[in-house]
There are 2 protein chains.
Amino acid sequence: MTDPRHNIRDIFAPTGPEISAKTWQTEAALRMLMNNLHPDVAENPHELVVYGGIGRAARSWSDFDRICDALRDLEPDETLLVQSGKPVSIIRTHADAPRVLIANSNLVPHWATWDHFNELDRKGLMMYGQMTAGSWIYIGTQGIVQGTYETFAEAGRQHYGGDLTGKWVLTGGLGGMGGAQPLAAVMAGACCLAVEVDETRIDFRLRTRYVDAKARSLDEALALIEDWTARGEAKSVGLLGNAAEVFPELLARMRGGGPRPDIVTDQTSAHDPLHGYCPAGWTVAEWRAKQETDPAGVEAAARASMRDHVAAMVGFWDAGVPTLDYGNNIRQVARDEGLINAFAFPGFVPAYIRPLFCKGIGPFRWVALSGDPEDIAKTDAAMKALFPDNQHLHRWLDMAADRIAFQGLPARICWIGLGERHRAGLMFNDMVARGELKAPIVIGRDHLDAGSVASPNRETEGMRDGSDAVSDWPLLNAMTNVASGATWVSLHHGGGVGMGFSQHAGVVIVADGTPEAARRLERVLWNDPASGVMRHADAGYEIALECARDHGLRLPGILG
Amino acid sequence: MTDPRHNIRDIFAPTGPEISAKTWQTEAALRMLMNNLHPDVAENPHELVVYGGIGRAARSWSDFDRICDALRDLEPDETLLVQSGKPVSIIRTHADAPRVLIANSNLVPHWATWDHFNELDRKGLMMYGQMTAGSWIYIGTQGIVQGTYETFAEAGRQHYGGDLTGKWVLTGGLGGMGGAQPLAAVMAGACCLAVEVDETRIDFRLRTRYVDAKARSLDEALALIEDWTARGEAKSVGLLGNAAEVFPELLARMRGGGPRPDIVTDQTSAHDPLHGYCPAGWTVAEWRAKQETDPAGVEAAARASMRDHVAAMVGFWDAGVPTLDYGNNIRQVARDEGLINAFAFPGFVPAYIRPLFCKGIGPFRWVALSGDPEDIAKTDAAMKALFPDNQHLHRWLDMAADRIAFQGLPARICWIGLGERHRAGLMFNDMVARGELKAPIVIGRDHLDAGSVASPNRETEGMRDGSDAVSDWPLLNAMTNVASGATWVSLHHGGGVGMGFSQHAGVVIVADGTPEAARRLERVLWNDPASGVMRHADAGYEIALECARDHGLRLPGILG
Ligand SMILES: NC(=O)c1ccc[n+]([C@@H]2O[C@H](COP(=O)([O-])OP(=O)(O)OC[C@H]3O[C@@H](n4cnc5c(N)ncnc54)[C@H](O)[C@@H]3O)[C@@H](O)[C@H]2O)c1
Ligand SMILES: NC(=O)c1ccc[n+]([C@@H]2O[C@H](COP(=O)([O-])OP(=O)(O)OC[C@H]3O[C@@H](n4cnc5c(N)ncnc54)[C@H](O)[C@@H]3O)[C@@H](O)[C@H]2O)c1
């Protein structure tokens, strides 16, 4: 029997000004779906896997083809419904309604476990959408670079007086998101030692210039780190190894007077104990094979290894090394495995990111549908002109232009918030209208954003009022974006931290240069970040309350 | 300290053709919110409780007032966001967008328990919305009458050759929904013995003509039943007592040769072990008081009683009496308490209702905003004319006009499906446009409907493909209704079966007689039931596949 998920086709999004769909809105969805599976973008495109363990763009290859057909066929007053990567219906709506509505991986809470999900997945009834995989706005590893950069930079400010020269970050995982860590550390001025079990992942990061060197032994890697930190050079090394072995070994060496990391984190796909974390002592081939033949055995071994891994992280934390959970739910697994102090060290959101969320600031991104890098260069320049006083933004855009290799359609990410996003969107739309760009621009964001996610072990960890688990907010966010006229809107479950632990929403909108698009852009790119300010204002954060007042938000039950 | 949830005000929706809001769309939301709290509609209006345990219309009285203010103020291109009964934001949208978007009681799955909900509820951070309580389309007990009538009638057809004369139904609970049982049984031709622990509930049903008599002892109640069944008269009695005591007692008597019920079910609020089920041996006063002072004690005692209650139901089932779970999750509680065969008897949906869902048929309802019963009489007549060949519908409408006492704003319910609902909606809109009705009509439905709910112990129990727990469907349903231009749309969690066990969506749309409303009605009242047909077609039900083909639905991944 052929596997409906396997196909050796290579997918490349069309580029240029000609479209095969009936409108740019649907052409944009088509190109972005395809771009998610571009060989330079997706982690495992032949299996439809974009990133994050088994985060897919479509449920099967025939679903992929049917989605493409539907998008090419869709009229400007029709909407395609996608259920866990399968195109289930085309309905009549209206011009200001989204062209695609997506719900991925959602399960009734009592059944919201990996076990039940995997059972449905095996039967072909579900798909894991992660965050931007199933909602067609993944843009390769760049998507995560700035977030990671902001996090490391903020950690540097809080713990090392803003200067990371001669410091080094210890981490694990060089996958779709984790691959951003070495580059982000380097951009923030630090060295980085990243432990990765799969050599192909290290090689991929070398090729795309996200990591500077590869090492096959801990001694070799530490020698490089010692050399670079001594010289004050910010460089990175990918160490072929298993984090569950290397972290404890390093901790033991440190306790014995060996080298001491300055920041410790991890980005293996711990959120998915079956597909995301290679158990200690296993080869990658063995791990992959047993995912099919002995899933329960893989899970048990992976969970035990994660416990050791987190125990080592707690050891670093206890020794005074700034240590953070980078959003893969590894602490939860370790606690479930009996490590009672697994939550000793904090998550990155309460530690470093929440003040940004309070102002609706998060990972805004845009993509040039033309396929021409020149279009992104023009938008980079335009963004600097639009926000002349934002030095932080200027610095980021310069570094990004210099160091980020585009993957698939050229794209840019930067963290901006309420009051800024709609201005950027309207400006891009004008540039398209005036013919300054060769084709329309697609604008979106991660589901990890100010108002779009409830995830008590990550984005909503330790909310001030205790409302971490309230998921009314992402549902309102999705409905708000549908009502505001986004081009596609998605509602997912289990992204980042795995089944049962999160609910979140995505939004994408096309700037095609028309006045109608301008009206939609203004609404969507205002209401979407405003929902983040509202959510944090409701929880009692002073920065959010102030931001809401400054921007004249009308929040009757919150501001009175 | 005053309780923000308690207020002795009585709320009556305005009636007549004058409005205090800026449009009929927002006036409708205002009237329907108020109508939910009308003294004849709500179970406990002074505590904002509409029905179903603690199903509320607003989080607190000040939230109620703020929602009313916001609705009066709302412009035709603005949308109010409500988060668990609290008005959190007013945003700019457009004329075809909903005027209100509601998310109630939603929790990230891992935390989706009554314990966590109650903790948030006590802190004032949440509200239980049940299904139509928090989404402002509860219309009193009538809402459930036809569903219950259809269920009993179908049971009569399956088990008693279509004739329930001389038969009797044993059940528990005469609350907001359960109160419909005696009348529905009588309409279906049977007698009914309903055990209810709270005398005020029996008296309320006597007053509204839903029950015919009250008894204070089992002997007294059985004497009435014997007398009525012997004469072939369909009548009902409310027995003051505790179902956890009466059901086992009756089973023992039956086993000893005593009277044998012909259908057994239950509609206590078992879905909420703290507020919904009075433990055996407790007085109602004691039960209410201890909900505050000893919640854990109440829950433990209630759960133990439910186990006894379900054990008796299994006893009837084993003795060959048709027995059904009527959607309150009581089997799950009993199983959690160690009753391993608690799921021996089926739920009512797979047993009797699913074939209707396959055609998008479910509890469609409409309300006369004029407040004039004459308007409903006219719509009743118009419905009969619109569907001249539907004898079942004619019979129901005649009985309803005869036996249903209106509560609050006059309303009507009838189960119709895809291809029928939009025709009814357009007809009502025409009648408003032509001035035949004194004011606009509000059209809605229960969240218990074909495409709007995932609830594996109730609406989606035993789905053919095993997709019971997949909740992508209700999320798509909500987004579809937002995109189609409904007037308000809601997304809830935990309705019917309690926290963790369901996710569901509501929709309401106003027929104000304008051509714009006609376009929205046509889209919403087509797409909404179509989503139910789609969901069941995807699960492989032949009736749904046929219905989809007959109506020309475009379901790419399903029909190919
Ligand atoms: N904080 C954030 O902003 C953020 C954003 C996205 C994702 N994440 C989370 O980070 C995690 C990684 O995401 P991703 O997209 O990179 O996933 P991925 O699956 O693409 O990559 C995970 C990598 O970890 C490697 N790995 C697995 N087990 C290992 C082990 N024991 N030792 C060393 N390496 C091991 C894998 O070979 C793989 O390359 C996920 O859990 C994701 O949810 C966090
Ligand atoms: N099948 C359906 O279509 C459907 C629809 C709506 C509701 N329901 C479910 O039915 C249940 C009842 O709903 P409702 O709106 O009537 O709730 P409700 O809370 O208004 O009424 C429950 C009634 O049960 C009584 N009661 C509690 N414990 C009792 C006991 N031990 N013995 C006898 N009586 C007892 C209460 O006094 C109350 O009057 C809920 O669980 C609800 O979710 C089913």
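Lettering of chains follows the sequences in order, A, B, ..., and the numbering in each one begins at 1. Predicted model, so just to flag it, every value in this text is computed and none were measured.
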Max heavy-atom pair count under 4.5 Å with chain B, selected residue of [options]:
| options | result |
| --- | --- |
| A:Leu81, A:Val482, A:Leu107, A:Thr113 | A:Leu107 |
| A:Ser84, A:Pro98, A:Ser484 | A:Ser84 |
| A:Asp465, A:Asp63, A:Val489 | A:Asp465 |
| A:Leu125, A:Thr93, A:Val88, A:Leu475 | A:Val88 |

Does the [X] side chain pair with the main chain of [Y], one donor and one acceptor, at a distance under 3.5 Å?
| X | Y | result |
| --- | --- | --- |
| A:Asp468 | A:Met463 | yes |
| B:Ser471 | B:Ala454 | no |
| A:Trp61 | A:Pro4 | no |
| A:Arg99 | A:Ala95 | yes |
| B:Asp472 | A:Asn106 | yes |
| B:Arg59 | B:Gly124 | yes |

- request: Classify the ring geometry between B:His94 and A:His94 as parallel (under 30°), tilted (30 to 60°) or perpendicular (over 60°).
  value: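 Ring orientation, 0 to 90° scale: perpendicular.
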At under 4.5 Å between heavy atoms, what parts of [range] are in contact with chain A? List them by residue number.
| range | result |
| --- | --- |
| residues 553-560 of chain B | B:Arg554, B:Leu555, B:Pro556, B:Gly557, B:Ile558, B:Gly560 |
| residues 64-80 of chain B | B:Arg66, B:Asp73, B:Glu78 |
| residues 515-537 of chain B | B:Arg523, B:Asn527, B:Met534 |

query: Does the side chain of A:Ser135 come under 3.5 Å of the side chain of A:His447 through a donor N or O and an acceptor N or O?
result: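 Distance-only check passes for A:Ser135 and A:His447.
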Work out which heavy atom in [X] is nearest to a heavy atom in [Y]; give both atom names and the distance.
| X | Y | answer |
| --- | --- | --- |
| B:Asn477 | B:Gly451 | CB-O, 3.5 Å |
| B:Leu491 | B:Ala505 | CD2-CB, 3.9 Å |
| A:Ala57 | A:Met127 | C-SD, 4.1 Å |

- prompt: Do you know which of B:Ala112, B:Ala97, B:Pro87 has the most heavy-atom pairs under 4.5 Å to chain A?
  reply: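 Answer, by heavy-atom pair count under 4.5 Å with chain A: B:Pro87.
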- request: Please state whether the side chain, the backbone, both or neither of B:Ser502 comes within less than 4.5 Å of a heavy atom of chain A.
  value: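 Only the backbone of B:Ser502 comes within 4.5 Å of chain A.
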Please tabulate, one pair per line, all N/O donor-acceptor pairs under 3.5 Å involving side-chain atoms of residues 492-501 of chain B, not counting sequence neighbours.
residue	atom	partner	partner atom	Å
B:His492	ND1	B:Gln130	O	2.6
B:His492	ND1	B:Met131	O	3.4
B:His492	NE2	B:Asn104	ND2	2.9
B:His493	ND1	B:Ser105	O	2.9
B:His493	NE2	B:Gly500	N	2.8

message: To the closest 0.5 Å, what do you measure between CD1 (B:Ile91) and OG1 (A:Thr480)?
response: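 B:Ile91 atom CD1 to A:Thr480 atom OG1 measures 4.0 Å (nearest 0.5 Å).
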task: Could you look at A:Met479 and say if it's the side chain, the backbone, both or neither that has a heavy atom under 4.5 Å from chain B?
output: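 Its backbone and side chain both get close to chain B.
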